[in-house]
Chemist: 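I'd like to ask you about the structure that follows.
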Amino acid sequence: MGPMRVAVVGATGAVGREILKVLEARRFPLSELRLYASPRSAGVKLPFMGEEIPVEALPEGPLPVDLVLASAGGSLSKAYAPRWVEGGALVIDNSSAFRYEPEVPLVVPEVNREAIFRHKGLIANPNCTTAILAMALWPLHKAFHAQRVVVATYQAASGAGARAMEELLTETHRFLHGEAPRAEAFAHPLPFNVIPHIDAFQENGYTREEMKVVWETHKIFGDSSIRISATAVRVPTLRAHAEAVSVEFAHPVTPEAAREVLRGAPGVEVVDEPRNKRYPMPLTASGKWDVEVGRIRKSLAFENGLDFFVVGDQLLKGAALNAVQIAEEWLKGP
């Protein structure tokens, strides 16, 4: 396929802006770029390849493009994506609206690229926490077969959007000036706090965010026999999610063997020199396309077990970058 007409829906949001940067940095082959957002953002201009592109209000019907990269929330995607598909566009959707539909591929290209080509006009981008976990877990699963996975997350404000990042900054400022911080984007004030509550609580006591890690990992890996449990925690960092992961494998595994596997895995950077104070951190992983993996050690709790720490930029591999990579692979063909 030649250069494509591309639309970014939700262009003024945190992920939308990152999508533009990723399209530009990776020189995605496009002949035309249309930016859409809510009517109140119409007329805003966003930079792309040295030009300023005006944002349009999203029309009701199909869009005059070949590819839609949507990051405007679940309810909007549910209402509009079918119309975009009917109009002939491939839609790569960043919301949770279609992830659990059996006929919609849920894709991390490094894991299940082949699923891209089963699409019926719609491909779902996974939850950011799942995507970052999958990058480190999949190569290890292929090599040693994961049976049980326990994850605790340290999720940045960016996961709740641009407004949430702004809230962390303004409320930290208030706190430092002796005022009580307030909470709008979060259930409680985030400065100098951690909140073990992301998304809605479910019947089983887990939050929806925690269950997304379970449901989506099973779907992306094509293996629902892996037993997964997660605790998702919001921490006062701006971007890049961190995850402490404990895995029990079917086959014997050593930290050395795991490092070897991860060094050969695309999209993964092994940062594992504790003596030199080198390990994955939001500070170093922010703005990076690869996820960082380190603190790889033998588990004291599991037979054939490993513990490790993985950090990835929530706005990049967790969202914008993954969506653009799906589009790139689709262009290459099966």
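On a predicted model such as this, the values are computed, not experimentally measured, just so you know. Note: hydrogens, waters and symmetry copies are ignored here, and every other heavy atom, side chains too, is used.
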Chemist: For residues N193 and P189, report the shortest heavy-atom separation together with the two atoms involved.
Modeler: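 Heavy-atom minimum between the residues: ND2-O, 2.9 Å.
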
Chemist: So do P59 and Y36 actually touch side chain to side chain, heavy atoms under 4.5 Å?
Modeler: yes

Chemist: To check you understand the geometry: which heavy-atom pair defines the closest contact between V310 and A136, and what is its length?
Modeler: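 That would be CG2-CB, 4.2 Å.
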
Chemist: Is there a path of hydrophobic side-chain contacts, each under 4.5 Å between heavy atoms of I, L, V, M, F, W or Y residues, that connects F28 with V15?
Modeler: yes

Chemist: Do E243 and V213 have side chains that get closer than 4.5 Å, going by heavy atoms?
Modeler: no

Chemist: Any salt bridge between E171 and R174, counting N to O under 4.0 Å?
Modeler: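 Yes, E171 and R174 are salt-bridged.
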
Chemist: Who passes side-chain hydrogen bond (donor to acceptor under 3.5 Å, both in side chains) against K288, sequence neighbours left out?
Modeler: E269, E292

Chemist: Dump the intermediate steps for side chain to side chain donor-acceptor pair (under 3.5 Å) on Q202 and T207, then the final yes or no.
Modeler: CA-CA 5 Å; Q202 309 290 289; T207 63; over 6 Å; no

Chemist: So, for V65 and V6, which heavy atoms are closest and what is the spacing to 0.1 Å?
Modeler: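 In this case the closest contact between V65 and V6 is CG1-C, 3.9 Å.
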
Chemist: Do L122 and I92 share a hydrophobic cluster (ILVMFWY, side-chain heavy atoms under 4.5 Å, transitive)?
Modeler: no

Chemist: Minimum heavy-atom separation for L306 and A258, please, with both atom names.
Modeler: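 Nearest heavy atoms, L306 then A258: CD1-CB, 3.4 Å.
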
Chemist: Around atom CZ of F48, are there more than 12 heavy atoms from other residues, nucleotides or ligands closer than 6.0 Å?
Modeler: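 For F48, atom CZ is crowded (more than 12 foreign heavy atoms under 6.0 Å).
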
Chemist: Under 3.5 Å, is there a donor-acceptor pair linking the side chains of S286 and D313?
Modeler: no

Chemist: Are E103 and K120 within salt-bridge range, i.e. N to O under 4.0 Å?
Modeler: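 So E103 does not pair with K120 through a salt bridge.
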
Chemist: For a 4.5 angstrom cut-off between non-hydrogen side-chain atoms, does I53 reach K45?
Modeler: no

Chemist: I'd like to check D272 versus R259 (side-chain heavy atoms, cut-off strictly below 4.5 Å). Are they in contact?
Modeler: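 Yes. Closest side-chain heavy atoms under 4.5 Å.
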
Chemist: Give a yes/no verdict on a cation-pi contact between R26 and W289, requiring under 6.0 Å between NZ or CZ and the six-membered ring centre and an angle within 45° of the axis.
Modeler: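 Output yes; distance and angle both within limits.
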
Chemist: Looking only at side-chain N and O atoms, does S158 offer a donor or acceptor that is under 3.5 Å from a partner on Q314?
Modeler: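 Yes, side-chain donor-acceptor contact under 3.5 Å.
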
Chemist: Does the cation-pi check pass for K78 over F98, that is, NZ or CZ under 6.0 Å from the six-membered ring centre and within 45° of its axis?
Modeler: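 Yes, K78 and F98 form such a contact.
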
Chemist: Less than 4.0 Å between a side-chain N and a carboxylate O, is that true for E101 and R99?
Modeler: no

Chemist: Looking at E184, I'd like to know if its CD atom is crowded, meaning that more than 12 non-hydrogen atoms belonging to other residues, nucleotides or ligands lie closer than 6.0 Å.
Modeler: no

Chemist: Given the rule in the side-chain contact (heavy atoms from CB on, under 4.5 Å) test, do L168 and L238 qualify, once you have shown the distances and angles that lead to the verdict?
Modeler: CA-CA 8 Å; L168 174 59; L238 274 175; 4.0 Å; yes

Chemist: Counting distance only, does the side-chain N/O of T284 pair as donor-acceptor with the main-chain N or O of M281 below 3.5 Å?
Modeler: yes

Chemist: Contact between F192 and P181 at the side-chain level, heavy atoms closer than 4.5 Å - yes or no?
Modeler: no

Chemist: Would the number of heavy atoms belonging to other residues, nucleotides or ligands and lying under 6.0 Å from CD of E52 be above 12?
Modeler: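 Atom CD in E52 is crowded, with more than 12 foreign heavy atoms closer than 6.0 Å.
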
Chemist: Tell me if a side-chain donor or acceptor on T153 pairs with a main-chain N or O of V233 at a distance below 3.5 Å.
Modeler: yes

Chemist: Among E210, M211, K212, which residue meets the side chain to side chain contact (heavy atoms under 4.5 Å, CB included) test with R208?
Modeler: K212

Chemist: Before accepting this row, confirm whether a basic side-chain N of the pair E166/R163 lies closer than 4.0 Å to the acidic partner's carboxylate O.
Modeler: no

Chemist: Mind checking whether F249 and E303 have side chains closer than 4.5 Å, heavy atoms only?
Modeler: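 In short, these two side chains do not touch, never coming nearer than 4.5 Å.
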
Chemist: Quick check against the 3.5 Å criterion: does H197 have a side-chain atom that pairs as donor or acceptor with the backbone of D199?
Modeler: yes

Chemist: Side-chain heavy atoms nearer than 4.5 Å, only ILVMFWY residues, links allowed to pass through others: does that put Y154 and V150 together?
Modeler: no

Chemist: Check whether E110 reaches the backbone of M135 with its side chain - one donor and one acceptor, N or O, closer than 3.5 Å.
Modeler: no

Chemist: Can you tell me how far CD1 of I296 sits from CG of L262, rounded to the nearest 0.5 angstrom?
Modeler: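 Rounded to the nearest 0.5 Å, the CG-CD1 separation comes to 5.0 Å.
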
Chemist: Any side-chain heavy atom of L90 sitting closer than 4.5 Å to one from I123?
Modeler: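 L90 vs I123: side chains touch.
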
Chemist: Report yes or no: does T130 contribute a side-chain atom to a donor-acceptor pair with the main-chain N or O of P126 at less than 3.5 Å?
Modeler: no

Chemist: Please walk me through it: do R148 and I226 pass side-chain contact (heavy atoms from CB on, under 4.5 Å)?
Modeler: CA-CA 6 Å; R148 284 188 172 81; I226 310 169; over 6 Å; no

Chemist: Where do N125 and I326 come nearest, in terms of heavy atoms and distance?
Modeler: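 Heavy atoms of N125 and I326 come nearest at OD1-CD1, 3.5 Å.
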
Chemist: Any carboxylate oxygen within less than 4.0 angstrom of a Lys/Arg side-chain nitrogen, looking at E18 and R239?
Modeler: yes

Chemist: Assess whether side-chain contact (heavy atoms from CB on, under 4.5 Å) is satisfied between D307 and V245, documenting all intermediate values.
Modeler: CA-CA 6 Å; D307 285 12; V245 189; over 6 Å; no

Chemist: Distance-only criterion, 3.5 Å: show the donor-acceptor pairs between side-chain atoms of residues 66-75 and protein atoms not counting sequence neighbours.
Modeler:
residue: D66; atom: OD1; partner: R5; partner atom: NH2; Å: 3.1
residue: D66; atom: OD2; partner: R5; partner atom: N; Å: 2.7
residue: D66; atom: OD2; partner: R5; partner atom: NE; Å: 3.4
residue: S71; atom: OG; partner: N94; partner atom: ND2; Å: 3.4

Chemist: Any side-chain donor-acceptor pair under 3.5 Å between Q155 and E209?
Modeler: yes

Chemist: Counting N and O atoms only, with roles assigned by atom type, does the side chain of K219 sit under 3.5 Å from a partner on the main chain of V107, one being a donor and the other an acceptor?
Modeler: no

Chemist: Between H241 (side chain only) and C128 (backbone N and O only), is there a donor and an acceptor less than 3.5 Å apart?
Modeler: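 Between the backbone of C128 and the side chain of H241 there is no qualifying donor-acceptor contact (under 3.5 Å).
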
Chemist: Give the minimum heavy-atom separation between A37 and A11, together with the two atoms involved.
Modeler: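 Shortest heavy-atom contact: CB-N, 4.4 Å.
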
Chemist: Do L133 and T129 have side chains that get closer than 4.5 Å, going by heavy atoms?
Modeler: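 Sidechains of T129 and L133: no contact.
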
Chemist: Backbone N or O of M49 within a donor-acceptor pair of the E24 side chain at under 3.5 Å?
Modeler: yes

Chemist: Is it true that Y80 and V91 fall in one hydrophobic cluster, defined by side-chain heavy atoms closer than 4.5 Å?
Modeler: yes

Chemist: Which is it for E167 and R182 under the side-chain contact (heavy atoms from CB on, under 4.5 Å) test, yes or no, and what are the steps along the way?
Modeler: CA-CA 9 Å; E167 180 172 307; R182 295 177 301 222; over 6 Å; no

Chemist: Given 3.5 Å as the limit, does a donor-acceptor pair link the side chain of R83 with the main chain of E60, or not?
Modeler: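 Looks like yes, one N/O pair under 3.5 Å.
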
Chemist: Under the side chain to side chain contact (heavy atoms under 4.5 Å, CB included) rule, collect the residues that match up with R295, sequence neighbours excluded.
Modeler: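 R295 satisfies side chain to side chain contact (heavy atoms under 4.5 Å, CB included) with Y279, R297, F309 once adjacent residues are dropped.
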
Chemist: Might you confirm whether atom NE2 of H188 has over 12 heavy atoms from other residues, nucleotides or ligands at distances under 6.0 Å?
Modeler: no

Chemist: Okay, side chain of N276, backbone of R278: is any donor-acceptor separation there less than 3.5 Å?
Modeler: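 No, the answer is negative, given that no donor and acceptor are paired below the 3.5 Å cut-off.
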
Chemist: Does the separation of the ring centres of F221 and H141 fall below 6.0 angstrom?
Modeler: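 Under 6.0 Å, so yes.
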
Chemist: With hydrophobic residues grouped by side-chain heavy-atom distances under 4.5 Å, do W138 and L316 end up in a single group?
Modeler: no

